[in-house]
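Below: one structure, written as structure tokens.
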2 protein chains.
Amino acid sequence: MGRAVKGSREGGDARRERWRAHREARREEFVDATIRALTKHGPEVGMDEIAAEAGVTKPVLYRHFADKSDLYLAVGHRGTEMLLERMRPALVDDGTPYERIHRAVDAYLSTIEEHPALYHFVVRRSFADKPVEQDVVSQDKQLIANTLARLLGDYLRAFELDSGGAEPWAYAVVGMVQSAGDWWLERQSMTRQSLTEYLTKIIWFAIEGLLRSGGIAIDPDLPLSLGPALRLVPDPESPASAG
Amino acid sequence: MGRAVKGSREGGDARRERWRAHREARREEFVDATIRALTKHGPEVGMDEIAAEAGVTKPVLYRHFADKSDLYLAVGHRGTEMLLERMRPALVDDGTPYERIHRAVDAYLSTIEEHPALYHFVVRRSFADKPVEQDVVSQDKQLIANTLARLLGDYLRAFELDSGGAEPWAYAVVGMVQSAGDWWLERQSMTRQSLTEYLTKIIWFAIEGLLRSGGIAIDPDLPLSLGPALRLVPDPESPASAG
DNA sequence: AGTTACCGTTACTTCCGGTAACAGTAATCC
DNA sequence: GGATTACTGTTACCGGAAGTAACGGTAACT
């Protein structure tokens, strides 16, 4: 990044632009290979094995990723993308609240069910292993939580309730579903449907209680719309809400 | 382990027994040192640094711990002990349900607030790093969740409700508090009291809703006892509940 | 034709977890 | 008292995996 543009004028040379898309594609390709290697060798894959899976050798990998955790981060993002893609309809569509929650939870559980290796790698191992400066860990979880926080906050404000709790609520819900999902994935001692039902109820009861304590009653089976298109909120540090 | 007892008959020699307590103490001492080293050097401490902090060299460490993750596991257990110690009164005492939840949550948050380095190490880094066979990761979280599951299950059965949800509920609650606590610890944009309040409400509302949907109404401010002494439930795999 | 920006390799260094080998001390057993 | 046991501790090494250096090849744009 920020490589000094030496002698060439920036717009003219197509050679720089040309490769950007390519590099992007290559990274994705390596992410694919990493996931394959992951499912094959387990979470302790080495860079050599990943490179081999991609059909190249290590240095090639290191031309596209700064280091191991950079690669792992990309893998994490891939997972998050998949997850959000699956959950988005439930979150943005109109529909009864209960049903939307239910669908979102089910989307989450079915996604992790379909990609257990990836899930374990991202969530359990949390691609640690790094003299890393800051929150390498779960900026993806953050992304999801922030998205949810925005959604909750909008609703709370629409009901003229204290919206200060939106963020902790979001993190609470995310952690809750993740933790229960983790448990479920490990020993599948219960059908996915059952777990979805339980979790949906917890969330729904909590929301209902919150609203009721604020003097508002809503029906779980009445549609409830208020959707400006769902936006993703990548940066949690930016002070957006002042008053 | 299982070292063959060569010539000496087992009972007679006091020399074997004598050292057991000592070894135990030594391990604890090293765990202390590890935590100190952790707060000093951050989560990326090396074994050499830990050993140095303990005033010895590496091989000494390896005489008491099989490997790095064995040591880390011990550190995790220490954390769990501290946590459970703090939370136990809230969980076992009689008292109004709302207050008990409140105290338990507050105990959790104040513990992680007091030991952020330890917390980060145990929870975020999840002492991974190991060609480990199974769930090295969070058998401590499991311990907590199972304890809670037992508690919840007892109550559910006492109310003659479906107790099948006790376990997912427990994991959900644990994950919820952990996730929100994690968020809070990072950017302390809210007082501990506020967060405690929010979390307590979520949990309480969820429980209340669950009971109400089962046709039971309870008062958050009426004491609710039913405590056989709180037991810890270390092993989740043992098939205890059949019918 | 020359430049740029990739493609890819082999062989290396570095760091760190873990071990081998060696030596000293205090208590228990006979 | 002397042997045995079970620790105390050290220095010097091994091995594996992350990451790098240095080299060479190819295709497209100017």
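Chain letters run A, B, ... following the sequence lines, proteins first, then strands; residues in each count from 1. Side chains included, hydrogens not; waters and symmetry mates left out as well; all remaining heavy atoms used.
- Remark: P of C:dC12 and OH of A:Tyr62 are 19 Å apart, rounded to the nearest angstrom.
- For the pair A:His22 NE2 and D:dC29 P, the computed distance is 13 Å after rounding to whole Å.
- Closest to the B:His64 side chain, of the nucleotides D:dT8, C:dG18, D:dG19, is D:dT8.
- Rounded to a whole Å, the CG atom of A:Asp48 is 14 Å from the P atom of D:dT20.
- At a threshold of 4.0 Å, the pair A:Glu114-A:Arg86 counts as salt-bridged, since one of the basic side-chain nitrogens sits closer than that to a carboxylate oxygen.
- To the nearest 0.5 angstrom, B:Arg26 atom CZ is 5.0 Å from B:His64 atom NE2.
- A:Pro168 and B:Met190 make their closest contact through CG-CE, 3.9 Å (heavy atoms, listed as atom of the first residue, atom of the second, distance).
- Looking at residues two or more places apart in sequence or on another chain, you find a salt bridge (charged side-chain N to carboxylate O under 4.0 Å, His left out) between A:Glu85 and A:Arg88.
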Going through the distances and angles, do A:Phe65 and A:Tyr72 end up as a ring-ring contact (aromatic ring centres under 6.0 Å, His included)? CA-CA 9 Å; A:Phe65 298 92; A:Tyr72 285 5; 9.7 Å; no
Residues 101-109 of chain B side chain polar contacts: donor-acceptor under 3.5 Å, at least two apart:
residue: B:His102; atom: NE2; partner: B:Glu197; partner atom: OE1; Å: 3.3
residue: B:Arg103; atom: NH2; partner: B:Asp93; partner atom: OD2; Å: 3.3
residue: B:Asp106; atom: OD1; partner: B:Arg192; partner atom: NE; Å: 3.2
residue: B:Asp106; atom: OD1; partner: B:Thr196; partner atom: OG1; Å: 3.4

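- The distance between atom CD1 of A:Ile50 and atom C1' of D:dA18, rounded to the nearest whole Å, is 11 Å.
- Rounded to an integer number of Å, the gap from CH2 of B:Trp19 to P of D:dT8 is 7 Å.
- The CD-P distance, from A:Glu29 to C:dC6, rounds to 15 Å in whole Å.
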Find every protein N or O atom lying less than 3.5 Å from an N or O atom of nucleotides 10-16 of chain D, and list the pairs.
residue: D:dT10; atom: OP2; partner: B:Thr57; partner atom: N; Å: 2.8
residue: D:dT10; atom: OP2; partner: B:Thr57; partner atom: OG1; Å: 2.3

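- Spacing between atom CG of A:Leu61 and atom P of D:dA17 amounts to 16 Å, rounded to whole angstrom units.
- As rounded to whole Å, 12 Å separates atom P of D:dC7 from atom CD of B:Glu24.
- Distance from the side chain of A:Arg23 is smallest to C:dC6 among C:dT19, C:dC6, C:dC7.
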